[in-house]
Amino acid sequence: MDLKNLKQRGEFEWELPRAGAMRVPGVIFASRELITGMDEKVREQVANVAGLPGIVTASYAMPDAHWGYGFPIGGVAAFDADEGGVVSAGGVGFDISCGVRSLHTGLKLADIEAQKARLADRLFARIPAGIGSTGGVHLDPAGMAAMLRGGARWAVKEGYGSEADLTRIEEFGCVEGADPGAVSDQAKKRQRDEMGTLGSGNHYLEVQVVGEIFDEAAARAYDLAIGDVVVSLHCGSRGLGHQIGTDFLREMVLAAPAAGIALPDRELACAPLKSELGQRYLGAMRAAINCALANRQILTHLARQAFAEVFPGVRLPLFYDVSHNTCKEETHTVDGHKRRLFVHRKGATRAFGPGHAELPREYAQTGQPVLIGGSMGTASYVLAGAAETGRNAGEHAFGSACHGAGRAMSRHEAARRWHGRAVVDELAARGILIRSSSSRGVAEEAPLAYKDVTAVVDAADHAGLARKVARLSPLICVKG
Amino acid sequence: MNPGTRWETFAHEADVGVRGSGATLAEAFAGAATAMTAAICDPARIAPHDAVIVDCTAPDEEMLLVDWLNALVYEMATRHMLFSRFEVTIEDHHLSAIAWGEPVDVAKHQPAAEVKGASFCELAVRHAPDGQWLAQCVVDV
């Protein structure tokens, strides 16, 4: 991105001043190197979002921002219903509530070294992954409605996990206001065989080891120590969420003119929060969030079964579960006043700081765990929501942080450069076992196809979005 | 596929662009569908054994392309199939098509990533001065 017309607010914060149809400025959090490497489309998309009705304070982009649809991936924007604010199906995206969940294992690296290949095989056998895979849970209409209302709470009632899991999930495992009746029959049909499936593309389940600690106190609060083995999985609301995105994008594009909304880009498709369509979308989107939470809960159960086969008696307590592609109603302080806002996070993570009322008690003093996925050969990170006092104090971007590394090159280019088998062999030589049914899928997800996650996380830390707690290195990766 | 139909994928930072072209709008749409299959796996690996009928109507040609590709995404997802051959007819913003393919066989097809949906990003349907039709958009993978 050309830095011309950007105002530098700090070493890691850049302002795109109001111009043209922008109602608020744009703010991009990034190092000079990261922002220079961003596509010009990010600037255009940040500016377009800034022009949507009812937007509050600024249109934000996280350090991993890249060219998305309508919103940049890594985009954050909040809207006030009382000021004509909108909810945008494009601002949430197709993969509603795609997110990361991490589990403790109670095992150390030395415990699993000798069993690593067997564990990888058992996980690959248990976790339905990739195109054409189907889950073991098939829901009738009443079961589907209960799942869409109950999320992970529904899954626990069905025997997948325990009540203790629910405290370690955003909204404690269930978003209120889900409306199964607002979800199309097509969306429900797409989900019929997909409960408890990982998906494909950049979705994965990894066994990781804590390789480095940056904040001892926070790591203790999160029960993380050097050498600890953890499990992280990345997936979302599967076909149901994808179809809801498709259905409402179309409907919102067609309805925008009648609502008096001029869309600079059809992918910004949105509807007033105070409209029948806006409310119906919120009901369907919340149902998709619950679907994603239920899906990750079932996958957690399957991962526990696989671990128990190799390590009898081992428990995998939930560490935390974060969602990336959402619109959530939250209370934030703006210019000294508390306001209820609808915060869109598109490829961004909620990152509430210490003391926030919506955190589990055990994390209240530390802040929300922010789980950042890297590529399969590099690293993932655990961060903590930024504090209200101290360095870079204050809530930035409505309590949000980055979500991952972001692609450095297209899938086409990655598949052209690398062969899946060679990637698997090279990683195996470094002690990282890959299990995938698709060689091309592995090539498209090759480590070097992604940006440097460390640079992204460092920028988030320096910008005050969240603070670095621990780095996780991959040991086993089951690719979708 | 009609020999005049061409298809290609094009780069998008996070996802994949699909583009079809041909002497008619219908050929361009068939090409875009083949390009979408190519975002998943090599279309040549898919035997056109089973036929599925697809119908859609939209207010304009660009929306019709999005609807067409999304109808195929839906059929692929719910039938657990992949498609490699498309016979498309378009009249007055109404599309009727037959898509041929076969059930997903992971070992045979080596699918890399599922398509979640067709987007309005880089969406274009146009009749070029040389008489060729072009139909393209980015699909989310």
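Proteins come first, then strands; the chains are lettered A, B, ... in the order of their sequence lines, and each starts at number 1.
- Interface residues of residues 134-141 of chain B toward chain A, defined by a heavy-atom distance below 4.5 Å and sorted by number: B/Val138, B/Val139, B/Asp140, B/Val141.
- Across A/Arg250, A/Gln243, A/Lys189, A/His66, the residue that shares the most heavy-atom pairs under 4.5 angstrom with chain B is A/Arg250.
- The local environment of CG in B/Asp92 is sparse, with at most 12 non-hydrogen atoms from other residues, nucleotides or ligands closer than 6.0 Å.
- The closest side-chain heavy-atom distance from A/Val253 to B/Met63 is below 4.5 Å.
- Atom CD of B/Glu91 is surrounded by 12 or fewer heavy atoms from other residues, nucleotides or ligands within 6.0 Å.
- The candidate with the highest count of non-hydrogen atom pairs below 4.5 Å against chain A, out of B/Ala38, B/Pro111, B/Ala11, is B/Pro111.
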(message) Set out, in order, the CA-CA distance, both residues' side-chain angles and the distance that settles side-chain contact (heavy atoms from CB on, under 4.5 Å) for A/Thr246 and B/Tyr74, then state yes or no.
(response) CA-CA 10 Å; A/Thr246 296; B/Tyr74 177 77; over 6 Å; no
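- Neither the backbone nor the side chain of B/Glu75 comes within contact range of chain A; no heavy atoms are under 4.5 Å apart.
- To the nearest 0.5 Å, atoms CD1 (A/Ile131) and CD (B/Gln110) are separated by 11.0 Å.
- Neither the backbone nor the side chain of B/Met76 comes within contact range of chain A; no heavy atom of the residue lies under 4.5 Å from a heavy atom of that chain.
- Contact check for A/Thr134 versus B/His80: side-chain heavy atoms found under the 4.5 Å cut-off.
- Of the atoms belonging to A/Gln186, heavy atoms from both backbone and side chain fall under 4.5 Å from chain B.
- Both the backbone and the side chain of B/His12 come within less than 4.5 Å of a heavy atom of chain A.
- For A/Glu267, the parts sitting under 4.5 Å from any heavy atom of chain B are the backbone and the side chain alike.
- Interface with chain A: from residues 102-109 of chain B, residues B/Val104, B/Val106 qualify, criterion being any non-hydrogen pair under 4.5 Å.
- Taking non-hydrogen atoms and a 4.5 Å limit, the residue list of residues 112-125 of chain B in contact with chain A, ordered by number, reads B/Ala112, B/Ala113, B/Glu114, B/Val115, B/Lys116, B/Gly117, B/Ala118, B/Ser119, B/Phe120, B/Cys121, B/Glu122, B/Leu123.
- Heavy-atom neighbours of chain A within the stretch residues 42-50 of chain B, taken at a separation under 4.5 angstrom, comprise B/Asp42.
- Using a 4.5 Å cut-off between heavy atoms, A/Lys479 makes no contact with chain B at all.
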